Amino acid sequence: MARTIIPFGPQHPVLPEPLHLKLVCEDEIVKEAIPALGYVHRGLEKLAEIRDFNQMIQVVERVCGICSMLHSQCYCQGIEEMMGVEIPERAKYLRTVWSELHRMHSHLLWLGLFADAFGFESLFMQFWRIRERIMDLNEATAGSRVIVSVNVVGGVRQDLTPEQCSWILTEVAQAGKEIKAIQSTMLSDYTVCKRTKGVAALTKEQAYELGAAGPTLRASGVAQDMRQLKYAAFDKIDFEPVVEYDGDCYARGVVRFREALQSIDIIRAAISGMPQGDISVPVKGNPEGEIITRVEQPRGECMYYMKGNGTKFLERVRIRTPTFANVPPLIAFMPGLELADVPVAVLSIDPCISCTER
Amino acid sequence: MLKMTPTVLKNLFSKSSTRMYPFEVREPFPLYRGELFNDIDKCIFCKKCEIKCPSQCITVSKDKEAGTGTWICDPFACVYCSICVDVCPTKSLSMAPNHRKPSATRDMIEQVGKLKVPKKKKAAPKKD
Amino acid sequence: MLKKFIDNSRAKSPWIMHFDCGSCNGCDIEVLACLTPMYDVERFGVVNVGNPKHADVLLVTGTVNPRNAKVLRNIYDQMPDPKGVIAIGACGLSGGIFRECYNVLGGIDKVIPVDIYVPGCPAKPEAIIDGVVAALAKFEGLKG
Amino acid sequence: METLILMILGIVVAPVLGGLVSGIDRRVTARLQSRFGPPILQPFYDVAKLFGKVKVINNFWQVFCAWVYLIAAALSVGLLFAQSDLLLIFFVQAIGAVFLVMGGLASPSPFSQIGAQRELIQVLTYEPLIILVFASIFMVTGSFRIDEILNYDQPLLAKLPLMFIVLGYALTIKLRKSPFDFSTSHHAHQEIVKGVLTDYSGPYLGIIEIAHWYETIFILGICALFWHTSLVGVVVLLATTYFAEILIDNTMARMTWRWMLKYVWSVGLAMSFVNLIWLHAG
Amino acid sequence: MLPMMLALVILLPLMAALGCYFLRVSTIRTMIVLGTGVCIAATSLALFGQGSFTYSPGTILGISWDSLVTLADFALLFVILYYAFKLKNQLIKVFAVLQIIPLAVFELFFVDHAAEVPAFYADSLSLIMVAIISIIGSLICFFAIPYMKTHEEHLHLVKSRQPRFFFYLVLFLGAMNGLVLSNNILWLYFFFEVTTFCSFMLIAHDDTEIAVKNATRALWMNSLGGVAFVFGMIWAYSVTGSLSIQAILEAGPMDGAMLVPLGLLCLAGFTKAAQIPFQSWLLGAMVAPTPVSALLHSSTMVKAGVYIVLRLAPAYAGTFLSEGIALCGAFTFLACAAIAVSQSNGKKILAYSTISNLGLIICCAGINTTWAITAAIILIIFHAASKALLFLCVGTIEHGIGSRDIEDMRGLYLKMPRTAIITIVGILTMVLPPFGVLLGKWMAIESASGDLFVIVMLSLGSAISLVFWARWAGMLLTGPLREKVPAESQNILTRFTLTVLAAATVVVSLFSPVIYTGLIEPMVGKTYEITGGVFSSPIGVFAVYPIFIILAAAFIYAWIDTKKSGNIQNGASYMCGANVKEPGVQSFIGPMNVPVEIKASNYYLEAFFGEEKLTMWVNFVGLALIVLMLGGAL
Amino acid sequence: MIENMKEITLDAVVGEASKMKSDGQRLVALSCTQLDADNFDIIYTFDKELVLTNFRVTVPKGSDCPSISGIYFAALLVENEIQDQFGIMFNGLVLDFGRTLYLDEEITTIPMCNNTKAMTVKK
Ligand code: SF4
Ligand code: SF4
Ligand code: SF4
Ligand code: SF4
Ligand code: SF4
Ligand code: SF4
Ligand code: SF4
Ligand code: SF4
């Protein structure tokens with residue numbers, strides 16, 4: 001039959017990151033999709049051999065800029081557990097605040113990119129405009145817009161003043177209002193629904209079996225969220241995992257949309273429940289033993305496996321990131337899509353190649 | 001359809017949210033981790049920053065004979081984490097709240113200062 | 001007169017293309033942020049074209065590895081002259097914190113000539129705008 | 001003689017107007033997105049810049065096709081100003097459309113190829129609608145000749161309101177605006193990069209850009225026929241129509257061409273039938 | 001003079017055909033074909049000098065020509081019956097018998113043999129047809145000479161079957177000329193049957209299973225047309241009492257009883273012109289060698305069907321039948337254009353497009369205003385030229401690359417630049433102004449504009465046909481072009497015919513205003529004002545010369561600039577940066593670092609326009625429309 | 001410190017994985033570490049309702065490991081990654097990148113396996 005072979009990426013305007021897909025299409029229906037990775041692979045896990053466990057914090061923060069905060073949090077939690085350090089309560093709450101700010105900005109960023117993937121430029125612009133509020137919060141409270149670098153083993157580096165706290169509250173509330181203003185567009189506009197509903201759907205069983213993580217999994221009806229593991233302040237803050245049941249791109253969008261709003265509530269709860277006290281404890285010695293820790297990144301479950309040998313250099317840092325888990329579902333649902341839906345479908349798992357490849 | 005209309009019309013009739021950088025520059029946030037400065041007079045060339053820097057972009061060397069110390073930082077490799085600032089015992093390092101300007105060439109930041117140790121030694125006998 | 005208009009227009013219409021050469025996304029999202037309402041680089045005539053054949057300025061973020069180096073080279077070669085390259089972020093300038101990784105060759109200038117270096121990790125949108133403005137100076141210098 | 005002068009006038013003025021319209025379009029779009037936006041003259045800078053770039057091609061037929069596209073577009077505008085036959089003008093601009101497609105197909109890049117195929121589907125979608133619009137104008141005025149149509153004493157809009165909407169569909173497709181920007185898009189992020197224009201660059205892209213300006217004016221000229229009786233009417237109609245286009249562009253996602261083909265044909269044909277039957281009955 | 005000329009255009013081909021058959025030497029055959037071609041082409045032009053005429057040949061050797069024709073007619077019908085038995089096809093048997101018996105009864109008991117019926121009548125329409133048949137037909141025959149040689153080499157035939165082939169090919173020219181010149185409806189019927197038979201024999205020429213099968217299908221469908229013809233003829237005679245077509249026409253627009261025979265005759269025309277639902281025989285006919293497709297199945301024989309419908313147009317003007325014919329034609333135009341989109345076989349695309357264009361002409365006949373008839377005649381002329389050219393191009397390409405699939409023609413310019421350019425010229429003359437086909441289409445659309453259903457179908461159809469033409473033209477150019485491509489070598493006759501036809505399609509388009517004033521206007525009456533090469537009427541203007549001049553200038557300018565591009569930088573095409581960097585290699589580095597060659601294909605939109613998907617529905621609607629048309633006539 | 005860990009042998013990998021699958025466990029990760037110059041250690045991690053189950057195998061250098069990508073499609077990426085980074089080959093991968101998932105031929109050593117030259121790239 002009349003086949004067209006398309007090199008989709010590595011450099012392609014709809015791909016925020018280099019990733020290659022060899023697409024074989026017939027009348028623009030994808031018949032076969034084979035990915036190629038490795039354009040972002042740096043091999044940073046091996047840096048553990050030449051950077052001590054403290055310096056590694058800055059390295060893992062740069063596994064990916066978008067959820068850098070959660071990478072270092074996951075890493076620090078692991079080291080703290082290995083070394084038996086109990087961090088102050090206030091530090092837990094602070095980590096929660098910044099991690100939820102991260103989730104918000106990441107989801108807003110994604111919602112924008114998603115809108116862009118189906119060619120809705122003005123919606124993209126609106127989401128990114130709202131997101132700037134969060135970026136300002138990051139910059140003002142932590143010192144950098146993107147890579148906040150607040151985590152250290154034993155706690156956090158920055159504290160929040162009461163004024164900053166109330167400012168955060170007003171800003172996120174305002175952001176929430178603005179998000180709600182475009183809710184009807186994102187969730188019920190005819191063209192948006194037409195482009196996302198029923199596209200690249202995964203059933204609950206498929207999603208689970210293919211090892212999907214995070215919003216991709218929750219959009220297929222599996223209520224699993226690593227925050228249920230009650231790390232940081234989540235033992236005190238209640239929340240319900242956001243679940244949708246259709247498993248298509250639309251459902252994935254809704255999950256993230258609702259999570260962005262949910263984060264506002266969590267931030268509010270964290271700030272109101274934040275105890276006074278130290279923000280870090282001094283740490284002595286070196287990590288030893290093996291540990292697996294998990295946190296919920298905006299894109300889903302992130303897992304760190306670490307092995308210490310009593311020196312300041314860790315023997316192994318192994319990072320399993322959410323996108324890594326979401327690539328197999330992506331490969332699985334590609335055939336049968338329309339070419340125009342490829343960006344939408346690829347974006348729907350919120351691909352982060354940089355952390356997939358590290 | 002056209003669910004977006006109120007939002008875009010509102011945008012049309014209100015002021016654009018664009019910050020007119022570089023024509024108007026915002027007041028910087030004081031905590032921002034921008035350009036790194038070394039107050040070389042305060043630096044004791046203890047190498048603490050060199051050791052702790054996660055990006056390994058600082059080189060501190062002492063020239064005993066000349067009585068000078070050199071503090072070199074590669075601004076193109078620095079990741080602006082401010083670990084060095086945190087660990088510096090004399091607080092000679094600081095970060096300005098504005099970003100470093102782009103440049104067309106790769107220049108190292110090289111600062112040469114007097115070694116303080118001899119100074120101390122000199123001062124000590126005086127007291128003695 | 002026409003020629004002068006063309007010369008003047010160069011600096012007024014820099015179409016950019018952004019290539020993520022293995023960045024951690026930190027710098028990428030800042031590049032994107034430049035296009036959004038808060039920073040809106042279209043004020044300077046900047047259009048994000050996403051196709052090297054239409055681009056005047058290449059913004060590159062991230063570290064170079066053997067695989068993406070070939071892509072980077074290709075894209076650069078496909079841009080018609082006159083063209084400029086802006087490297088963004090510590091990674092793009094030198095490899096940044098990843099300089100010593102086994103799959104990192106170093107900064108962008110290992111592969112293609114770079115006109116402007118924008119430091120930062122990530123570089124702020126303001127810094128990127130400064131970088132673009134600095135690159136325009138190069139086009140302004142180009143007469144005829 | 002008068003015809004000739006009008007024609008030349010059209011060919012000279014149209015790109016200037018088209019460029020301005022495009023500049024205003026970009027500015028208004030930016031404002032709708034809460035951005036500051038580029039200068040109004042930006043399109044002219046862009047094209048001038050393109051002409052200052054090195055010429056790169058990968059198939060010399062691209063050059064040929066680009067030129068024919070431009071000339072056909074200019075000629076159709078010239079004929080429009082010269083008040084020629086609507087159908088003839090339409091067929092002349094179809095020359096441009098065909099050569100744009102051929103230029104796209106000349107490059108082996110898959111994106112260019114796909115873009116050309118999509119462009120064809122767009123042509124397939126809007127062409128019948130435009131012919132129907134012209135036929136409906138004929139049914140009202142009894143002629144395809146613009147000079148005769150201008151003698152008709154009522155605004156056509158009053159008799160052909162639905163046909164104007166049908167023309168609006170064609171307009172959106174032709175201007176390559178959301179939700180119909182498939183073959184190439186003004187927005188950077190499309191699955192097929194720049195579609196038909198992917199492998200055009202530098203001066204040749206500039207040529208095509210100018211041809212787009214002509215096409216904009218061509219389409220607006222057709223719209224103007226719907227309220228030819230008053231100058232104010234024309235201005236109001238055009239301004240409203242174009243603003244509506246920008247608004248639609250900014251309030252809709254890009255759809256898929258399969259959807260377009262089904263939707264535009266069925267809605268367009270249905271509206272045409274309703275309007276024309278109403279015309280017959282009334 | 002006139003008898004001589006008539007003999008030249010009708011009998012000379014017969015003689016030449018016999019010569020080809022019996023003198024089995026290829027050089028002699030070549031000479032005969034060339035000579036005949038030149039003769040009849042010249043004669044056909046000379047006939048224009050004659051203008052309209054009526055003529056009866058009287059007797060030969062004491063036997064009237066009428067009786068000879070009748071005899072030959074029965075002989076032919078029995079031959080067909082013989083083939084029906086040989087092929088064991090019940091349908092053909094039935095249809096043959098259904099023709100023989102009524103015809104015998106008719107001849108024996110009804111016809112008043114004493115009545116004087118002029119055998120020949122010619123007006124501009126006939127003369128134009130004769131010119132098309134004689135000039136284009138001859139060119140195709142020339143083309144066939146080298147073509148059949150290669151063709152037989154391809155098939156590795158031991159014994160050449162060319163004598164038989166050229167026998168039918170050349171014979172056909174005479175029959176066709178006879179058909180368009182006949183005034184006596186019995187004569188018309190006879191020639192009609194000869195073309196059917198020639199077509200049958202030529203489709204079956206290669207004697208493969210599929211060829212025989214498709215030939216059989218062609219025969220039964222055309223025989224069905226023959227049956228309709230016979231009954232229509234008898235019925236018409238019983239109403240008007242005359243065998244003369246002119247007499248029937250002169251009776252003026254009719255109604256009531258006369259509409260049915262007219263409807264039946266038109267039905268015969270429909271089968272011959274392969275209108276839906278009879279299109280399948282013409283598609284099947286594409287198995288025949290390409291000159292056959294070019295001659296019989298696109299530019300001339302199928303026009304016989306159209307000719308009959310058009311010839312009878314004045315008789316049913318303003319009736320329901322007329323409206324029905326317009327709808328049928330418009331529907332065929334739309335449906336076949338749509339199906340053509342889903343085709344990748346070049347000859348099939350041409351076949352569908354042919355049927356589609358015939359539909360358009362028939363639609364014009366049905367619209368039946370003077371404007372529409374003008375459009376129909378313009379379309380006949382230019383469609384014949386362009387389509388013949390395109391068929392010959394496909395034949396040449398097929399010999400060059402061994403495939404007739406348009407997907408395989410991608411980048412043909414790199415291999416056969418000359419043929420590629422001529423093909424593109426052919427395609428452009430089909431779809432773009434100011435060329436003749438488009439002029440015809442423009443007239444058709446303008447004259448159909450009052451009719452809602454027809455105009456909708458025409459506008460959809462013309463948009464659809466642009467799709468398959470434009471992409472075909474474009475894909476011939478695909479490829480990375482770095483240097484000038486040297487022209488391929490071609491047989492002199494091939495090159496001659498292609499060049500002449502290509503030049504003719506362009507140049508004749510330029511003379512369309514002249515053709516109009518000289519030929520069409522006298523026949524159908526004044527419809528357009530011509531000033532400075534501009535067609536104008538109160539409803540429209542079509543500026544042939546100005547557009548021609550401007551476009552010619554544009555093409556020349558564009559070509560000069562293109563030539564200059566020789567020294568500009570060549571780039572690799574965009575492949576997302578993954579290009580394999582070797583000159584001339586069109587591949588990208590795919591997964592696992594394996595180079596992947598890029599490949600692009602057309603969209604065939606099977607889901608919308610699939611042949612299998614549409615054919616059944618289309619046939620159903622087509623049949624319904626015909627029933628409606630005939631039923632309405634009753 | 002790692003919950004529900006058990007050690008298994010190399011040939012039991014596929015069986016264990018199928019058991020996990022029938023138990024409704026979701027594959028989370030495979031984590032490979034170089035134990036010493038001659039041995040690697042792979043930990044297979046599964047999750048069910050937030051509880052992790054792990055098993056670990058020791059793979060001697062030079063021996064191949066059975067792929068579980070037939071059972072868990074999701075394993076294909078990580079198994080290819082381990083091929084790239086540690087040079088352990090997996091038998092029966094559903095989509096085998098043959099050590100080109102991340103690396104080009106310019107990288108001639110097996111990165112995470114100190115000082116070992118890469119074998120020729122499997123085609
Ligand atoms: S889709 Fe988004 S990330 Fe990708 S190029 Fe466009 S704006 Fe950038
Ligand atoms: S999941 Fe994506 S955004 Fe988050 S850390 Fe990984 S790469 Fe970054
Ligand atoms: S760039 Fe140089 S001067 Fe600036 S902070 Fe980094 S090291 Fe210091
Ligand atoms: S840590 Fe401070 S004092 Fe020590 S060398 Fe660095 S800058 Fe100087
Ligand atoms: S800011 Fe961080 S990276 Fe930069 S010199 Fe200091 S410690 Fe090193
Ligand atoms: S410079 Fe920093 S933020 Fe930018 S890509 Fe590199 S690590 Fe990420
Ligand atoms: S391809 Fe042409 S030459 Fe060959 S056998 Fe068929 S018709 Fe004859
Ligand atoms: S087509 Fe060519 S290869 Fe095939 S039989 Fe004929 S000569 Fe031989």
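Proteins get letters first, then strands, A, B, ... in listed order; numbering begins at 1 in each. Keep in mind the model is a prediction, meaning the values are calculated, not measured. Just so you know, these numbers use all the heavy atoms, side chains as well, and skip hydrogens, waters and symmetry mates.
- The six-membered or imidazole ring of D/Phe44 lies near that of D/Trp213, with a centre-to-centre distance under 6.0 Å.
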Does the pair D/Val21 and D/Tyr242 meet the rule for a side-chain contact (heavy atoms from CB on, under 4.5 Å), with working shown? CA-CA 9 Å; D/Val21 169; D/Tyr242 205 88; 3.5 Å; yes
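- The residue among D/Tyr200, D/Phe111, D/Phe51 with the most heavy atom pairs within less than 4.5 Å of chain C is D/Tyr200.
- In summary, the side chains of D/Lys174 and D/Gln93 do present a donor paired with an acceptor at a separation below 3.5 Å, with no hydrogens or angles considered.
- Of the residues considered (D/Gly52, D/Ser201, D/Pro38), D/Pro38 shows the highest number of contacts with chain C, using heavy-atom pairs under 4.5 Å.
- Looking only at heavy-atom pairs under 4.5 Å with chain C, the residue among D/Ser34, D/Pro39, D/Gly37 that has the most is D/Gly37.
- Neither the backbone nor the side chain of D/Leu41 comes within contact range of chain C; no heavy atom of the residue lies under 4.5 Å from a heavy atom of that chain.
- At a threshold of 4.0 Å, the pair C/Asp56-D/Lys53 counts as salt-bridged, since one of the basic side-chain nitrogens sits closer than that to a carboxylate oxygen.
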